[in-house]
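A short worksheet on the structure shown next.
Fair warning: this is a prediction, and the values are worked out from it, not measured in the lab. Per chain, numbering begins at 1; letters A, B, ... match sequence-line order.
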Amino acid sequence: MQILSLIRNRFFQALTGWIDQPEEYASRVSIARDPQHGDYQANIAMPLQKTLNLPPREIANQLVSRLSIGDLCHEAEVAGPGFINLRLRDSFLAEQLAAAAQDSRLGVGCLPSRTFVIDYSAPNVAKPMHVGHIRSTVIGDALARILRFLGHQVITDNHLGDWGTQFGMIIYGYKHFVDPVAFHADPVVELSRLYRLVQSIIAYQNACPKLEKLEQGLNVARKQAAEAEAAAKVDSKQKKVAAAALKALRSAEDNLAAVEAIINGFQADPKNLTVAQQHPDLETQAQLETAKLHQGDAENLALWERFLPISIAEIESVYRRLDIHFDHTLGESFYHPLLSSTVQSLLDAKMAVESEGAICIFLEGFDAPMLIRKRDGAFLYATTDLATIEYRQREFQPDVILYVVDHRQSEHFQKLFAAARACGYTDIDLQHISFGTVLGPDGKPFKTRSGAVIGLEYLLDEAIQRAHQVVCDPQRMQKAGLEMSAEESQEVARVVGLGAIKYADLSHNRTSDYEFNTEKMVQLEGNTSAYIQYMYARIQSIIRKSGEQLDQDSIAHFAIQLTESAERSLALQLLQFEDALLQSLDEYYPSVLTTYLYTLAKQFASFFDQCHVLNADSEEVRRSRLAICFTTGRVLKQGLGLLGIGVVDRM
RNA sequence: GCCCCAGUAACUCAGCUGGAUAGAGUAGUUGAUUUCUAAUCAACCUGUCGCAGGUUCGAGUCCUGCCUGGGGUGCCA
């Protein structure tokens with residue numbers, strides 16, 4: 001039962017026949033921002049001031065007199081410049097809460113089903129997964145779960161990067177640097193070593209020629225900055241120029257330092273230098289291996305077929321730990337055979353044209369065209385993305401495709417969507433669900449001090465270990481009267497630790513960058529999953545101690561009555577679960593749901609403090625409060641579950 | 001150069017289609033504990049919402065300009 005839409009509907013009826021666009025104005029009813037003003041508020045009168053040429057308070061009074069809502073709310077109040085404030089009847093709340101408690105879906109309705117394809121995670125195989133992969137994976141998974149719960153048909157597809165230049169690097173590395181014993185012992189580790197080795201050589205070789213130029217550039221920048229500063233002292237109009245010169249100087253210093261770091265890091269091992277000399281221009285060599293692979297070279301194809309399952313197995317082990325499952329894993333390689341015909345049909349349709357040797361799609365509103373075939377004949381990711389849309393339309397007939405990909409690719413998606421529309425895919429709602437960068441404590445993209453990326457598995461281990469230290473601390477366990485086996489405490493640490501990582505990610509507005517701070521997220525205080533999980537465990541503890549067998553059927557015999565204010569606000573929050581879910585899908589923001597759950601957990605904590613359950617004044621109150629606890633527990637579990645986060649009965 | 005995103009408390013961040021006195025968490029101060037699990041609760045403290053104009057009954061939110069930071073920008077993905 002969605003209370004908001006129920007109330008809006010009453011306003012719609014009151015507005016119909018009085019003003020134009022009653023629906024638009026009815027939608028201006030919302031949850032009250034400040035509980036002092038009631039439960040819901042309608043900001044309808046003020047914007048009608050000009051249309052009706054009446055004072056807004058007068059409009060509000062007239063609207064209230066037309067409104068038939070007495071069965072749900074107390075008398076509507078007109079306040080301030082013309083706000084209409086509504087307060088739900090306690091009897092109505094109690095009745096709705098009882099219905100939700102007995103409902104398998106907690107009173108959440110289903111939407112008219114639409115078909116969604118969600119494209120998320122999409123790591124590059126053969127590269128170790130790192131913290132940057134968390135966001136796409138976790139956000140995409142949460143959206144898939146929420147959409148499914150609300151009745152949509154969801155097809156999840158992991159568009160693996162399994163055909164790109166990284167394979168050229170690994171193939172080259174395998175051919176020249178493999179340690180057969182190490183490969184036999186642990187192919188994943190060895191392949192990962194080969195990738196990093198080739199990558200570091202390429203980085204070094206690219207850095208060396210830049211060094212001299214950057215040093216010269218720095219000297220020039222220093223001189224210019226000094227001159228500009230001197231000029232600014234004489235003529236204050238030159239201050240802007242001086243500031244720009246200073247900025248350029250800083251930037252030149254940073255660039256040089258970065259290149260020097262690469263070179264010094266590489267040269268730290270003298271063996272590296274010999275290797276780099278023996279394999280000049282490694283980047284081109286690796287590209288050649290990639291090209292051979294794409295052209296069907298038997299040796300490279302055999303190596304690719306050998307390496308791919310190894311890498312995928314490693315990625316899947318991460319997904320298993322995170323409880324992430326895909327309906328399809330159709331990587332780039334899957335589309336490779338389709339690309340030439342995709343390009344040809346675009347050429348035939350005169351959508352694409354040749355320019356400077358490349359095949360391009362020129363799009364209105366964009367300076368640069370979208371390239372779909374390079375001068376050398378190779379295809380690009382835009383080509384694959386177009387072929388993918390074609391395939392998904394044919395196979396799945398989706399209403400919506402969501403691409404959960406970081407914000408740096410927003411221009412690419414704008415072009416891709418424009419191209420798709422131009423190609424006639426106008427019935428699919430294509431959405432780029434972009435997200436910000438994961439930052440380290442220094443406010444820069446999350447890396448170690450030496451600049452290396454940190455493996456995702458390591459971070460998961462760390463979070464679980466920290467969760468164990470904090471949650472399963474023997475002193476604490478004893479104080480709380482929890483005696484756990486090693487297995488149970490390990491399981492608690494696992495659920496809490498993984499939840500901490502997922503929740504930290506989901507609770508931030510997806511479009512902004514956020515600081516990935518393992519220390520903070522496992523502090524297990526404040527707005528964290530552990531706090532919510534803890535409230536869930538306390539609820540289970542009360543229910544256990546009550547000795548009652550509570551389930552969806554038996555709860556019908558536990559009549560709900562709301563007397564204390566903490567009970568009432570908790571009940572209202574519980575009934576707004578559906579609103580939170582719908583709003584989280586409005587623009588695909590899982591953080592709306594985390595905020596809802598955290599608020600709910602806090603309200604429960606307050607209720608727990610103020611309203612004793614097992615020692616309640618009367619049996620009726622005790623039973624009512626047990627029903628409230630039971631329902632709160634179910635909503636918390638369901639809500640966390642929709643974020644891919646589990647709960648435990650004791651912690 | 002052009003395009004996109006951001007700038008809110010000491011710190012990390014919310015702030016929904018413009019609404020009432022701008023909110024949480026952390027940190028700090030204070031109170032509550034023979035605990036239905038104190039990982040808790042209650043209270044206090046902290047603001048030039050980057051700057052300047054504009055739109056209107058009303059602007060953190062919309063528009064313009066500027067400042068600062070990040071990202072993208074024809075042959076990587």
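Using the Watson-Crick or G-U wobble rule with both distances under 3.5 Å, B:U17 pairs with nothing in any strand shown.
Remark on RNA chain B: of its neighbouring residues A:Asp376 and A:Lys520, the 5'-side contact belongs to A:Lys520, judged by nearest-heavy-atom nucleotide.
Residue A:Ser541 places at least one side-chain N or O under 4.0 Å from the OP1 or OP2 atom of B:U37.
If you check B:C76, B:C13, B:G74 against the side chain of A:Lys374, the one that comes closest is B:C76. Among the nucleotides B:U12, B:A20, B:A77, the one closest to the side chain of A:Ala79 is B:A20. In the set B:U21, B:G72, B:G25, B:G72 carries the atom at the smallest distance from any side-chain atom of A:Arg408. Here the side chain of A:Lys50 is nearest to one of B:C57, B:C75, B:A77, namely B:C57. Minimum atom distance to the side chain of A:Asn43 is reached by B:G19, of the listed B:G19, B:G25, B:U40. Distance from the side chain of A:Pro81 is smallest for B:G19 among the nucleotides B:G19, B:G74, B:C75. The side chain of A:Leu380 lies closest to B:C76, out of B:C13, B:G60, B:C76. With B:G19, B:A24, B:C13 as the candidates, the nucleotide lying closest to the side chain of A:Tyr598 is B:A24. Nearest nucleotide to the A:Lys545 side chain, out of B:G74, B:G19, B:U37: B:U37. In this structure, the nucleotide among B:C76, B:C36, B:G74 sitting nearest to the side chain of A:Leu614 is B:C36.
Under the 4.5 Å side-chain criterion, counting only non-hydrogen atoms from C-beta, A:Trp163 is in contact with A:His294. Side chains of A:Tyr536 and A:Thr632 form no contact here, defined as non-hydrogen atoms less than 4.5 Å apart.
A:Glu332 comes within contact range of the sugar-phosphate backbone alone, with a heavy-atom separation under 4.0 Å but no base atom that close. Contact annotation for A:Phe604: no contact, since no heavy-atom pair falls under 4.0 Å across all strands. Among the heavy atoms of the strands lying under 4.0 Å from A:Val471 is at least one base atom, whether or not backbone atoms are also near. A:Met651 comes within 4.0 angstrom of a base, heavy atoms only. Within the nucleic acid shown, A:Tyr531 comes within 4.0 Å of sugar-phosphate atoms alone, with no base atom in reach, counting heavy atoms only. The residue A:Phe366 sits apart from the nucleic acid: no heavy atom pair falls under 4.0 Å. At a threshold of 4.0 angstrom between heavy atoms, the contacts of A:Tyr514 are confined to the sugar-phosphate backbone, with no base atom among them. As judged by a 4.0 angstrom heavy-atom cut-off over every strand, A:Pro56 is placed among residues making no nucleic acid contact. Looking at heavy-atom distances under 4.0 Å, A:Ser355 makes contact with a base. Among the protein residues, A:Ser30 comes within range of the nucleic acid bases, having at least one heavy atom under 4.0 Å from a base atom. Counting non-hydrogen atoms under 4.0 angstrom, A:Ser606 reaches the backbone sugars and phosphates but no base. Base contact: A:Cys611 has a heavy atom under 4.0 Å from a base atom. In this structure, A:Ala605 reaches the sugar-phosphate backbone alone: every heavy-atom distance under 4.0 Å involves primed, P, OP1 or OP2 atoms, never a base.
Taking the P atoms as reference points, B:U48 lies 27 Å from B:U64, given to the whole Å. The same atom, P, is picked in B:C4 and in B:A10; the two are 32 Å apart, to the nearest Å. Between the C1' atoms of B:U55 and B:U8, the separation comes to 23 Å (whole Å). Of the P atoms belonging to B:G70 and B:U12, the separation is 16 Å, rounded to the nearest Å. Atom name P, nucleotides B:C66 and B:G1: the rounded distance is 11 Å, in whole Å. Here, B:G25 and B:C41 have their C1' atoms 15 Å apart, quoted to the whole Å. The gap from the C1' atom of B:C51 to that of B:A43 amounts to 37 Å, rounded to the nearest Å. Distance noted for atom C1' between B:A22 and B:G60: 7 Å (whole Å).
Salt-bridge annotation for A:Glu356 and A:Arg375: absent, with no side-chain N of the basic residue lying under 4.0 Å from a carboxylate O of the acidic one. A:Arg650 has a carboxylate O that lies under 4.0 Å from a charged side-chain N of A:Glu488, or vice versa, which qualifies the two as a salt bridge.
A donor-acceptor contact closer than 3.5 angstrom is absent between the side chains of A:His508 and A:Asp513. Side-chain contact of A:Tyr514 with A:Asp505: a donor-acceptor pair under 3.5 Å is present, judged by distance alone. When only modelled atom types and interatomic distance are considered, A:Ser27 and A:Glu23 share no side-chain donor-acceptor pair under 3.5 Å.
If you check distances only, the side chain of A:Glu411 never reaches the base of B:C3 with a donor-acceptor pair under 3.5 Å.
Both thresholds, 5.5 Å between centres and 30° between ring planes, are not jointly met by A:His407 relative to the base of B:C4, so the two rings are not stacked.
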